[in-house]
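Everything on this sheet refers to the single structure shown next.
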Amino acid sequence: MNKIFEVPLYPYARVADQDVQTPVKHAVIVIGAGPIGLAAAIDLAQAGHEVVVLDDNDKVSWGSRAVCYAKRPLEILDRLGCGEPMVKKGVVWQRGRVFYDEREVYDFDLLPEKGHRRPAFINLQQYYFERYMVDRVRELEQEGAPIELRGSNKVLSVDADDDGVTVQVETPEGTYTARADWLIACDGAASPTRAMMGLDFVGRVFEDNFLIADVVMEAGFPTERWFWFDPPFNRGQSALLHKQPDNVWRIDLQLGWDIDKDEEKKPENVIPRLKAMLGEDAKFELEWVSIYTFQCRRMEKFRHGRVLFAGDAAHQVSPFGARGANSGLQDTDNLCWKLALVMEGRAPESLLDSYDVERIHGADENILNSTRSTDFITPKSETSRIFRNAVLDLSEHYGFARPLVNSGRLSVPCVYDGSPLNTLDGLDAGPARTRPGAPCPDAPLGDGFLLDRLGGAFVLLTIDADAPESVESGGVAATRLACSAADDPTEALAERYLGEAEAAVYLIRPDQHVAARWPRFDAPAVQAAIDRATGRG
């Protein structure tokens, strides 16, 4: 068993808050030191904002848990300073195969085009992810950033008002009270914060259960995602196989609805299922076993005054499609630059309402895709099953049927079409993939890549267009990044940002989504777009 589970990464230590009568007030308190809570804390601390993270644990999460991380979240993690160790440790992949019964019906490539720094996906156990993020927190502490991680600090109550949030915290040495201007709840699907505030999810719970077994074994399977419908080793059900670092393999087996979960998790019941899949002579060790039920649900609102919810605390989707942690990282990426501007007095508090608008749009998109996946993987009627099986048969020989196969539509970044922060598209000949609301695709740029140059602030990206070095409105400045299509001999920059246009000017938000674009620089138009993107339009 991996020793990482036994090592306290952020052990309990007494803090000054415990020795005062009047509660200490912090700028931001984050509840939950999982990947999403740590991402929020790192993002805010890098911007110079004081943040305290509270968690009732002091170690990494038990078991692999989330393992698939998509290209866009990896790009977000690059900006947070912890993408490189994840990619270096992770298993890089972009191809998958779909099987029906004993036949391979087709394969797919998730990133067929070149010119991206990061891969389509990596597989990495969540405990490594958390460790690398804690390492980043320690780096920031050494640099003097205002970030603090408190282990064995369990939040007992949350009391929000118009001016802030009061929390009561339990520690090994008793309780204390703290105060924050803002609270971000990243405390998981069971979210005690959500329960304390009397809030709940809306959505569907599906009548099916899946066994997760992480096994350590030497195996010759390629580094691909393999998904089976109705395999001989799990008749009438489905199965999934993925490789992780350290010769750990993730196996998901559909079990059905009417089961005894405790019984199914016992090794004496798990091992025969795995041997049926891998062969009677297969040698492996169980590292982690869990059973999950498909759920596609979310809170009706993610913002409740000065309390903001992110990640699984705000929404849940089925694991097939890798939309859980990936969407949670996009939550914090969307939220933190807005919260920073509000705390700095450079944007109205109403800017935070766009977090609800944009990320509920993202959650609904994930829930829609996840629900469709679940309905295809687990047909709810005999008619649905006949249709599903016919699609699988056709997909072996006919390309038109393959988009209908749904073994879990894999995570893609959300486009914020219709966002109140978008300016009407001014680049008629521009590519659809970089329209206002879209995340910026990467492209080669000199000896590096575009997204590294964009960073985490407002940027005025010009491609073969003139503009001043900076444009400011209302205390928010967009700094120019001047490029030319000639900077990229692969022509990816031109294809992704110019399309049929000869030149372009883009206003890029701090989360690297397009706020506006035009064929040429127009100062009043850019200033108006900055105002709109910061909630002042």
Side-chain angles (χ1 to χ4, degrees), residues 2-17 26-55 57-61 65-66 69 72-90 117-118 122 124-153 180 182 184 186 245 310-311 325-326 328-333 335-337 339-340 343-344 448-449 451-457 510-512:
N2 198 317
K3 296 295 184 183
I4 194 171
F5 299 127
E6 303 171 9
V7 180
L9 283 185
Y10 40 98
Y12 168 75
R14 192 171 182 85
V15 295
D17 291 23
H26 303 281
V28 180
I29 287 177
V30 174
I31 302 179
I36 310 309
L38 291 175
I42 290 167
D43 206 343
L44 290 167
Q46 287 186 161
H49 294 285
E50 187 235 358
V51 57
V52 174
V53 184
L54 305 176
D55 198 292
N57 196 4
D58 62 0
K59 305 177 182 68
V60 296
S61 297
R65 298 180 179 266
Y69 299 98
R72 181 62 197 140
L74 292 175
E75 293 163 349
I76 293 168
L77 290 163
D78 279 336
R79 189 173 56 76
L80 299 181
C82 40
E84 186 62 28
M86 287 189 62
V87 175
K88 187 175 180 180
K89 178 67 177 179
R117 180 185 176 198
R118 290 308 183 198
I122 66 165
L124 182 74
Q125 295 93 319
Q126 184 171 319
Y127 46 78
Y128 283 125
F129 187 172
E130 292 181 14
R131 192 185 80 184
Y132 296 143
M133 298 196 84
V134 171
D135 289 345
R136 178 60 180 151
V137 169
R138 300 306 184 210
E139 288 178 2
L140 289 169
E141 288 176 330
Q142 290 296 315
E143 295 167 7
I147 187 170
E148 186 179 354
L149 178 54
R150 299 180 184 176
S152 299
N153 274 238
W182 299 92
I184 305 176
C186 305
N326 286 301
L329 288 167
Q330 291 172 73
D331 288 346
T332 61
D333 193 46
L335 170 63
C336 289
W337 69 270
L339 183 56
M343 290 192 292
E344 293 160 8
F449 286 88
L451 296 187
D452 291 335
R453 299 278 299 277
L454 291 180
D511 58 1
Q512 298 181 349

Q: Just jot down the salt bridge (charged side-chain N to carboxylate O under 4.0 Å, His left out) partners of E50, sequence neighbours excluded, or say none.
A: none

(Q) Going by the rule side-chain contact (heavy atoms from CB on, under 4.5 Å), which residues pair with A340 if we only count those two or more places apart in sequence or in a different chain? (A) H49, E344

Q. Which pairs, with at least one residue in residues 33-46 and sequence neighbours excluded, count as a salt bridge (Lys or Arg N to Asp or Glu O under 4.0 Å)?
A. D43-R79

Q.
Nearest 0.5 angstrom please: R150 CZ to D17 CG, how far?
A. 4.0 Å

Q.
Which residues pass the salt bridge (charged side-chain N to carboxylate O under 4.0 Å, His left out) test with E130, not counting sequence neighbours?
A. none

**Q.** For R138, all residues meeting salt bridge (charged side-chain N to carboxylate O under 4.0 Å, His left out), sequence neighbours excluded
**A.** E141

Q: Using side-chain contact (heavy atoms from CB on, under 4.5 Å) as the criterion, list what pairs up with Q46, not counting sequence neighbours.
A: I42, L80, R136, L140

**Q.** Rounded distance [0.5 Å steps], CG in L44 versus CH2 in W182
**A.** 11.5 Å

**Q.** With D58 via side-chain hydrogen bond (donor to acceptor under 3.5 Å, both in side chains) - residues at least two apart
**A.** none

Q) Residues in salt bridge (charged side-chain N to carboxylate O under 4.0 Å, His left out) with D452, at least two apart? A) R117

Q.
According to side-chain hydrogen bond (donor to acceptor under 3.5 Å, both in side chains), who are the partners of N57, at least two apart in sequence or on a separate chain?
A. none

Q. Residues in side-chain hydrogen bond (donor to acceptor under 3.5 Å, both in side chains) with W337, at least two apart?
A. D511

Q.
I'd like to know whether CD of Q142 has more than 12 heavy-atom contacts from other residues, nucleotides or ligands below 6.0 angstrom.
A. no

Q) What is the minimum heavy-atom distance between C186 and V30, and which atoms define it? A) SG-CG1, 4.3 Å

Q.
So, using side-chain hydrogen bond (donor to acceptor under 3.5 Å, both in side chains) as the criterion, who are the partners of D55 when residues are at least two apart?
A. none

Q. Which is it for Y69 and Q126 under the side-chain contact (heavy atoms from CB on, under 4.5 Å) test, yes or no, and what are the steps along the way?
A. CA-CA 10 Å; Y69 299 98; Q126 184 171 319; 4.1 Å; yes

Q. Does C82 reach the side chain of D135, with side-chain heavy atoms less than 4.5 Å apart?
A. no

**Q.** Minimum heavy-atom distance between V28 and A180, given as atom pair plus value
**A.** C-CB, 4.4 Å

Q | Distance-minimising heavy-atom pair for A45 and P146 | A | O-CD, 4.0 Å

**Q.** Donor-acceptor contact present, side-chain Q512 to main-chain L451, <3.5 Å
**A.** yes

Q. Yes or no on side-chain contact (heavy atoms from CB on, under 4.5 Å) for R72 and N326, after CA distance, side-chain angles and deciding distance?
A. CA-CA 8 Å; R72 181 62 197 140; N326 286 301; over 6 Å; no

Q.
Please find the pair of heavy atoms, one from L149 and one from A33, that lie closest to each other, and give the distance.
A. CD1-CB, 3.8 Å

Q: Could you please spell out the steps behind the side-chain contact (heavy atoms from CB on, under 4.5 Å) verdict for L339 and I184?
A: CA-CA 10 Å; L339 183 56; I184 305 176; 4.0 Å; yes

Q | Student check: side-chain heavy atoms of F129 and M86 closer than 4.5 Å | A | yes

Q. Is there a donor-acceptor pair closer than 3.5 Å between any side-chain N or O of E148 and the backbone N or O of V53?
A. no

Q: Provide the closest heavy-atom pair for T332 versus A310 in the form atom of the first, atom of the second, distance.
A: CG2-CB, 4.3 Å

Q) Listed by chain and number, what are the side-chain contact (heavy atoms from CB on, under 4.5 Å) partners of P245, not counting sequence neighbours? A) K89, V91, L124, Q125

Q) Counting N and O atoms only, with roles assigned by atom type, does the side chain of D331 sit under 3.5 Å from a partner on the main chain of L329, one being a donor and the other an acceptor? A) no

